[in-house]
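Proteins get letters first, then strands, A, B, ... in listed order; numbering begins at 1 in each.
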Amino acid sequence: MTTKKRNRDLEKSYSPDNIEKKWYEAWLENGLFNAEINPESKAFSIVIPPPNVTGSLHVGHAFDHTFQDIMCRTKRMEGYSVLWLPGTDHAGIATQNVVEKDLAKQKISRYDLGREEFVKKVWEWKKIYGSIIIEQMTRLGNSCDWRRERFTLDEGLSRAVRAVFVRLYKKGLIYRGKYIVNWCPRCATAISDLEVEYEESQGNFYYVKYPIINSAPCEGGEGQPAGEGVVSSNSGEEFLIVATTRPETIIGDVAIAVHPRSEKYKHLIGRHVRVPLTDREIPIIQDNMVDPEFGTGCVKITPAHDPNDFLVGLNHNLEQIQVIDSQGVMNENAGKYKGMTIAQAREESVKDLEELGLLLKTEKITHSVGHCQRCGTTVEPYLSEQWFVKTKPLAERGVQAVKDGRIKWTPEQWEKTYFNWMENIRDWCISRQLWWGHRIPAWICDDCGHITVAENDPTECEHCHSKNIKQESDVLDTWFSSALWPFSTMGWPDDKPELKYFYPTSLMVTGFDIIFFWVARMIMMGLEFMDDVPFRDVYIHSLIRDEHGKKMSKTKGNVIDPLIMIDKYGADALRMTLAALSVQGRDILLSSTRIETYRFFMNKLWNAARFALMNLDDEVHEIDINQLHLHDKFILTRTQEMAKRVRELIDSYDIGTAARGLYDFVWGDLCDWYLEMSKPALKGDEGEERRKTTAGVLEEVFKTTLPLLHPFIPFITEELWAAFGYGDEFLMRTAWPEAKSEYIFEESLSEMKVLQDTVRALRNLRAEAHVAPQQWLNKAVIKIEPAAPASKIFDAALNQISNLCRVREVLLESPKGEWTHGPSLSTVTTEAEIKLPVGDVLDVPKEIARLESDIVSIEKDVAKSKARLEKSDFVSRAPAEVVEKERGKVQAGESQIQRLQENLKSLKEN
RNA sequence: GGGUGGUUAGUUCAGAGGUAGAACGCUUCCUUGACACGGAAGAGGUCAGAAGUUCGAUUCUUCUAUCACCCACCA
């Protein structure tokens, strides 16, 4: 005989605060989060998407982490050696910006401090927010191996970054050059294509007249309409009409381009025009890039300030005249506009053009304008010296890895998005003119100009051995270091046992917003440097929005702070909410009332356990199969089902269905039905044997269910586990329950359904007849059609009906035919000898109206079914059970109508 | 211009080729001995529209409308 020391003294309602703290500390102290390299067991590993140290975590992180924690906890229970590697990201530009903003409050700019001092300030910031983030993660219950916590700017990762940079450079996959890049004038740095966010906005399309040099009279004569491209003035001078949205760059024009096959301009190719506002003369050239249908069909070429023009400039060997500087101010090449901002220069030049009579007209157009992802400033195309990664060869391997199934995407649809981007990938600008980040390991020689790229700081130029070398001042794009995360965190470039055991990681969980920024680049880097994928599965989840579907943002004030939610409802409630809400491929709308729902669930579970404990003695009772009643078999069967199903669902990353299934199981099957029905036995009303077996069942159900719930709601389940007396071993460490075949009774499910339908029908009748809940009825006659379960077990369960519905005698009336299992047996009609009270109890007219409308709607259903049955094809071709079900519907409906009509009649008579 | 996802109860969302489900809200009743953070009963739906496949479509196909997002271009 086994005994357990139960704690029957649980609080009447669940309060999470102390319990959560207590268990988290206990798990930590006992090293339960620690990942061990164990050749005996299989490895499961996840590297956390490192949160930016820009601020504290938001609920999106909480969602992401809950998902990963559920996976990790489940895998641990399944016997895997689990590594969940935590860390944070230095988030270059983003963090630099928040620190700058913070300093601005004291009227200090980063230039006041200088590079070294400023970086020190950022480290101070990182120290504060890095630890806040870690604190938040522990509050949520994250089972990360904190011994292995990493930061993208720590020493080990810096080494990895350098190694990768040098190797790519030596391989020719990193190059440096003067190109047009996206430039944020406010941040004063280059940014990558991905960091530009486009927005439609209203702008002006200026039609500018460029005087054609030595123009011969045009055969078209005078005054051609605008848009034809060429107009003549009264003096006979001819103008080429060029449309532009950026008149301030006219002074940087070096050519006018037309399409080679353009009939309209054929005769002008090779001629020259004068650039308005200057006295420069520039050629008219031909290039395929021009769309003859757009604008006037000719384009001004400004290689220093437009990416397309830049390419045209290269092809035609044109000069690059820069007129705007890195801060967005007109420079010395801009003549009279020097010192003006872009907007001022635009306004001025338009005015000047007008005065000179060179502005033909202005049209309104909408076009999309790029903004800096981090500060919202309009992005300028800017010509500058930058570093790039040649991505094509890397991307090809990345595409291949997904195509041949080495990486699997869930939901699959994201594969397409990934392929589309990877197949059209462009080189990645990785240099940033920032101070916070990995400084590029390149040293430029003052004497010979050679660039030395090395893992260790060199003392001399590798080409001319001059000591006059200076390290490149640029830092790397923050995503460069994140791209290495799956292996850099495990000690690469050293040959660590961790790498062998835990790489490739098993799963990457993240949002679709960083597929390009991060996921794709990890794949490329992993394949290049580890010669293997960084993860086998990618799970892309939806984004969390507020209850109105709006993106959460601090400025909108609709941010749900996970810590506040945890304080208010507990971590388990938040986790369960996030898990249950998670659905593939749709945004998730979160509101605090939703969390409340799951807070109530915690209390429900708590009280269900409390009930069980109140009815369990210290002895662990064997389950005597022969003593089991229908509801016992039912709950045992459902419990085994859950054990199997939840595991399958988690394995296929469908934690939403798993969580909702558990919720329904606990609240519905267990609390609403089983606990209610087990009461008489537990009280001893059915004798000692039944009491013991029922106690055994109850114990079995909780012992199986608590582990299933644990990955979702670890704290409350661990507490209850201990209360049941299983505390010798942590719940966190127990094995995932296997479904026990001896506790599966298939037929109990359908029989229970009949019972439940019967009870519901009876309760319905009571409510309809306004019988007081306390009042016992003498007799109920229940008709079950088309057939009642003929099993003994079901007959025995009739006592339960009497118990649940307060009827002294329950009679079962049915054509006791063959009991066949299946859903078609669920049609139950019940009749009870309940006389409708009249007069003071019933509102007679209201009751009559209700009955009449009920009859009408049932008649409609019956008619629908009859119509179907009359279609000859239906009867002959539909499966027999479908037809049978339809017939049952008609019968049931008709008898219900009959019953209601009798009620109606008797009401009217009174 | 290319692509993806959505349109189901008052609201937010599940769902599945054959009786439309949940949560919250609403109505009526119940302080019943685990739980009022509870229990019972109920109202509320042409499953966006049209056509097709099928014995049968809310579910599959096509088209339309509409909303959201992503990518590219924008002189």
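Straight-line distance from the CG atom of A:D253 to the C1' atom of B:A75: 10 Å, rounded to whole Å. Rounded to an integer number of Å, the gap from OH of A:Y198 to P of B:C73 is 6 Å. As rounded to whole Å, 10 Å separates atom P of B:C70 from atom CZ of A:F516. Between the C1' atom of B:A72 and the CD atom of A:E197 lies a distance of 16 Å, rounded to the nearest Å. Between A:I515 atom CD1 and B:C70 atom P there is a gap of 12 Å when expressed in whole angstrom units. As rounded to whole Å, 18 Å separates atom C1' of B:A22 from atom CZ of A:F665. In this structure, the CE atom of A:M422 is 16 Å from the P atom of B:C71, given to the nearest Å. If you take CD of A:E415 and P of B:C71, they are 19 Å apart, rounded to a whole angstrom.
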Inset, instruction - List the steps, then state whether ring pair (Phe, Tyr, Trp, His ring centres under 6.0 Å) holds for A:Y663 with A:Y598. - result: CA-CA 9 Å; A:Y663 179 98; A:Y598 289 94; 5.3 Å; yes
Inset, instruction - For salt bridge (Lys or Arg N to Asp or Glu O under 4.0 Å), just list the numbers for A:D617 and A:R691, CA-CA rounded to whole Å, side-chain angles, deciding distance to a tenth of an Å, and then say yes or no. - result: CA-CA 11 Å; A:D617 42 42; A:R691 191 193 69 79; 3.1 Å; yes
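Look at B:A68: its Watson-Crick or wobble partner, with both distances under 3.5 angstrom, is B:U4. Across every strand in view, B:A22 sits in a pair with B:U12 that passes the Watson-Crick or G-U test at under 3.5 angstrom. The pairing partner recorded for B:G33 is none, the criterion being a Watson-Crick or G-U wobble arrangement whose two distances lie under 3.5 angstrom.
When heavy atoms are screened at a 4.0 angstrom cut-off, A:R8 is found touching no nucleic acid atom at all. Within the nucleic acid shown, A:R660 comes within 4.0 Å of sugar-phosphate atoms alone, with no base atom in reach, counting heavy atoms only.
When the C1' atom is used for both B:G3 and B:U8, the distance is 26 Å, rounded to whole Å. If you take atom C1' in B:G6 and the same atom in B:C47, they sit 14 Å apart, rounded to whole Å. Here, B:A34 and B:U19 have their C1' atoms 35 Å apart, quoted to the whole Å. Separating the C1' atom of B:C30 from that of B:U46 is a span of 37 Å, rounded to the nearest Å. For the C1' atoms, the distance from B:A65 to B:A51 is 15 Å, rounded to whole Å. To the nearest whole angstrom, the two C1' atoms, one in B:U32 and one in B:A36, are 13 Å apart. Between the C1' atoms of B:A22 and B:U31, the separation comes to 28 Å (whole Å). When the C1' atom is used for both B:C37 and B:A50, the distance is 48 Å, rounded to whole Å.
Salt bridge absent: A:D664 and A:R660 never bring a charged side-chain N and a carboxylate O closer than 4.0 Å. Electrostatic pairing of A:K361 and A:E363 counts as a salt bridge here, judged by a charged N lying under 4.0 Å from a carboxylate O.
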Inset, instruction - Using a 4.0 Å cut-off on protein heavy atoms (strictly under), produce a 5'-to-3' string for nucleotides 25-38 of chain B with B for base contact, S for backbone-only sugar-phosphate contact, and - for none. - result: -----S---BB-BS
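In this structure, A:Y418 and A:W409 have tilted ring planes: the angle between them lies in the 30° to 60° band. Aromatic ring orientation, A:Y674 versus A:H631: tilted (interplanar angle from 30° to 60°).
A:N424 places a side-chain N or O within 3.5 Å of a backbone atom of A:N420 that can act as its donor or acceptor partner.
Comparing B:G5, B:A75, B:U12 by their nearest atom to the side chain of A:Q413 picks out B:G5.
Toward the 5′ end of RNA chain B lies the nearest nucleotide of A:T657, the other residue of the pair A:T657 and A:P307 mapping further downstream.
The environment of CZ in A:R763 is crowded: more than 12 heavy-atom neighbours from other residues, nucleotides or ligands sit within 6.0 Å.
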